[in-house]
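For reference, the structure is listed below as structure tokens.
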There are 2 protein chains.
Amino acid sequence: MFTLSEENYLKAIYHLELGNDGGVSTNAIAEKLATKASSVTDMVKKLSEKEVVLYKKYKGVTLTVLGKTVAASVVRKHRLWEVFLVEKLNFSWHEVHEVAEQLEHIKSAKLINQLDRFLGFPTHDPHGDPIPDKDGNLKIVAKSLLSTLSKNESGICIGVDDSSSEFLQFLDKKGITLGKKITILDKEDFDDSLSILIGDKKLSISNKIASNLYIRAHTGQ
Amino acid sequence: MFTLSEENYLKAIYHLELGNDGGVSTNAIAEKLATKASSVTDMVKKLSEKEVVLYKKYKGVTLTVLGKTVAASVVRKHRLWEVFLVEKLNFSWHEVHEVAEQLEHIKSAKLINQLDRFLGFPTHDPHGDPIPDKDGNLKIVAKSLLSTLSKNESGICIGVDDSSSEFLQFLDKKGITLGKKITILDKEDFDDSLSILIGDKKLSISNKIASNLYIRAHTGQ
DNA sequence: ATAAATTTTTAGACAAGTCTAAAAATAATA
DNA sequence: TATTATTTTTAGACTTGTCTAAAAATTTAT
């Protein structure tokens, strides 16, 4: 069994490993968890004892198969709870993270399995991130950043890169939500801003925004 | 804000105060929380500093108005989550306590208010215990122990005194659930056992069982 | 009312998780 | 490659919540 703190470390390492491949640095973990490098070193030793990470002094850490399973189960719980909050309790997608950070540590296999069933076995959370299955595997969907599409191309909005509350609220204001079809009407060479069609509305968005929106290729019209 | 441990102490004192009136003893709290008296003394001092209990050395503790509010909110969360588990996730009433002990500490006013709404503003948990409202008040329903009814009297089963997993599973096996009408067919002087009619079934139950079942008076036939 | 039993508190210790400051190792640069 | 600069680790301290063992207060019983 793992403590709340241990679970948070495993989750942080899990997320960092998906970005960089290879070992994760002490400092990277410290930054992600808003803690100090010395605390990370201490905890990483404990996790190594428990055989959930591989750790060589000064060489960073890697999750073991066991560690990856534990971390994925925490992520699974986090994302299932996010779906619950949005679908059943009328939370907005920018409000769910903080609460899910707490709910993800509740220990009960039956709870999470029944929740999964209750929600209709969702595959993605409200931000478009994939939900690991019981075994910790996640289905990767081919996706591109909106900013990489060319003029007249279109796709379905399926996720965000930056899921900060501010960004999500900005998207709400603009009417940009998951599942909507977006077509590039024009690209401005000057500042790489885009003119897009979403639903029946025309919008102009900056490159920064377009670089934080994931799109699934949309075949046919 | 209160820690998990502080919330558990407040809840324990809250429940103990409902039983005994007057101050709650250090030992009683220690027993309820399966901890040691010395630990209770330490924590009670902290709670006193935070002005949620009144504490005089050797004289026991009492919740302040603030303390009672905090405790009631924890109890409210516990019982609402129990309803959720039974009504939405198909838990049996004997399985919910352990999970609710964890869920009751999740901090989010919106979460609990929306959960309340989602569940249709329930007034009682799956064991028949009342759910405190937002202000911590609970509606007391007049109830009697089944063992106090006389021959040919009847009532509606509305709660249990002992809500241990074993007792609840025993009731499941016998088909005794909340909301069912129970009629006393006969009382045995010898061992105070009862012959009862529940639904269309005749059962014989011991006095011990009858002393753990709460009944609401049933007017009319 | 005094002695014995019980309850409660104090004193000191420990584990988990964190921190600061300093030392050691690694990486970057001239 | 020698010297900075950066990263990482160690050492020691602190907080929270707990414990044991002993002292103090209260209650019970003779």
Side-chain angles (χ1 to χ4, degrees), chain A residues 1-14 16-17 19-63 67 70-71 74 101-102 104-105 107, chain B residues 1-14 16-17 19-63 67 70-71 74 101-102 104-105 107:
Chain A
M1 206 47 49
F2 297 89
T3 67
L4 187 146
S5 199
E6 287 169 342
E7 287 189 348
N8 281 335
Y9 273 90
L10 290 174
K11 184 169 56 120
I13 298 167
Y14 178 85
L16 289 167
E17 264 190 355
N20 330 355
D21 27 25
V24 177
S25 80
T26 302
N27 263 6
I29 299 169
E31 189 183 14
K32 180 139 237 174
L33 292 175
T35 184
K36 294 296 150 75
S38 56
S39 308
V40 174
T41 303
D42 287 348
M43 180 56 91
V44 151
K45 283 177 185 170
K46 283 181 216 163
L47 294 175
S48 179
E49 295 270 304
K50 288 198 169 187
E51 312 204 327
V52 281
V53 303
L54 296 174
Y55 168 61
K56 280 282 171 68
K57 276 187 192 177
Y58 298 101
K59 298 296 179 191
V61 279
T62 326
L63 292 174
V70 175
V74 176
E101 285 284 294
Q102 299 176 64
E104 71 187 7
H105 300 291
K107 284 165 180 56
Chain B
M1 207 47 48
F2 296 89
T3 67
L4 188 145
S5 199
E6 287 169 342
E7 287 189 348
N8 281 334
Y9 273 91
L10 290 174
K11 184 169 56 118
I13 298 167
Y14 177 86
L16 290 167
E17 265 190 356
N20 329 358
D21 28 23
V24 177
S25 80
T26 302
N27 263 7
I29 300 169
E31 189 183 15
K32 181 139 235 173
L33 293 175
T35 183
K36 294 296 150 74
S38 56
S39 308
V40 174
T41 303
D42 287 347
M43 180 56 90
V44 152
K45 284 177 184 171
K46 283 180 215 163
L47 294 175
S48 179
E49 295 269 305
K50 289 197 170 188
E51 312 204 328
V52 281
V53 302
L54 296 175
Y55 168 60
K56 279 282 170 67
K57 277 186 191 178
Y58 297 101
K59 298 296 178 190
V61 279
T62 326
L63 291 174
V70 175
V74 176
E101 285 284 295
Q102 299 177 64
E104 72 187 6
H105 300 292
K107 285 166 178 57

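Side-chain atoms are counted along with the backbone in the values below, which use heavy atoms only and exclude waters and symmetry mates. First the proteins, then the strands, lettered A, B, ... as listed; each starts at 1. Model, not experiment: these values are computed from the prediction.
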Counting primed atoms, P, OP1 and OP2 as sugar-phosphate and everything else as base, the B/S/- map of nucleotides 19-25 of chain D against protein heavy atoms under 4.0 Å is BB---BS
Let me know the distance between [atom1] of [X] and [atom2] of [N], rounded to the nearest Å.
X: B:Phe2; N: D:dG17; atom1: CZ; atom2: P; result: 12 Å
X: A:Glu49; N: C:dA15; atom1: CD; atom2: C1'; result: 15 Å
X: B:Leu47; N: D:dT16; atom1: CG; atom2: C1'; result: 13 Å
X: B:Met43; N: C:dT10; atom1: CE; atom2: C1'; result: 18 Å
X: A:Ile29; N: C:dG17; atom1: CD1; atom2: P; result: 15 Å
X: B:Lys59; N: C:dT8; atom1: NZ; atom2: P; result: 11 Å
X: A:Lys56; N: D:dT9; atom1: NZ; atom2: C1'; result: 16 Å

Nearest of D:dT8, C:dT8, C:dA16 to any side-chain atom of A:Lys46?
-> C:dA16
With respect to the side chain of A:Asn27, which nucleotide from D:dT8, C:dT26, C:dT8 is positioned closest?
-> D:dT8
Roughly how far apart are A:Ile29 CD1 and A:Ile13 CD1, rounded to 0.5 Å?
-> 4.0 Å
Rounded to the nearest 0.5 Å, what's the gap from CD on A:Glu101 to CG on A:Leu4? Could you check?
-> 9.5 Å
Kindly indicate whether the side chain of A:Asn8, heavy atoms from C-beta on, has any atom under 4.5 Å from the side chain of A:Glu104.
-> yes
Beyond-backbone contact of A:Tyr55 with A:Thr41, side-chain heavy atoms, under 4.5 angstrom | yes
Think A:Lys57 has a side-chain N or O under 4.0 angstrom from the OP1 or OP2 of D:dT8?
-> no
More than 12 foreign heavy atoms under 6.0 Å from CD of B:Glu31: is that the case here?
-> no
Using a cut-off of 6.0 Å, state whether more than 12 heavy atoms not belonging to B:Lys107 lie near its atom NZ.
-> yes
Among B:Thr35, B:Val53, B:Val61, the one residue meeting side-chain contact (heavy atoms from CB on, under 4.5 Å) with B:Tyr9 | B:Thr35
Residues in contact with DNA chain C, drawn from residues 3-12 of chain A - heavy-atom cutoff 4.0 Å | A:Thr3, A:Ser5, A:Tyr9
Closest non-hydrogen contact found for A:Ala71 with A:Leu63 is CB-CD1, 4.3 Å
Any pair counted as salt bridge (Lys or Arg N to Asp or Glu O under 4.0 Å), so long as it reaches residues 42-55 of chain A, sequence neighbours left out = A:Glu6-A:Lys50
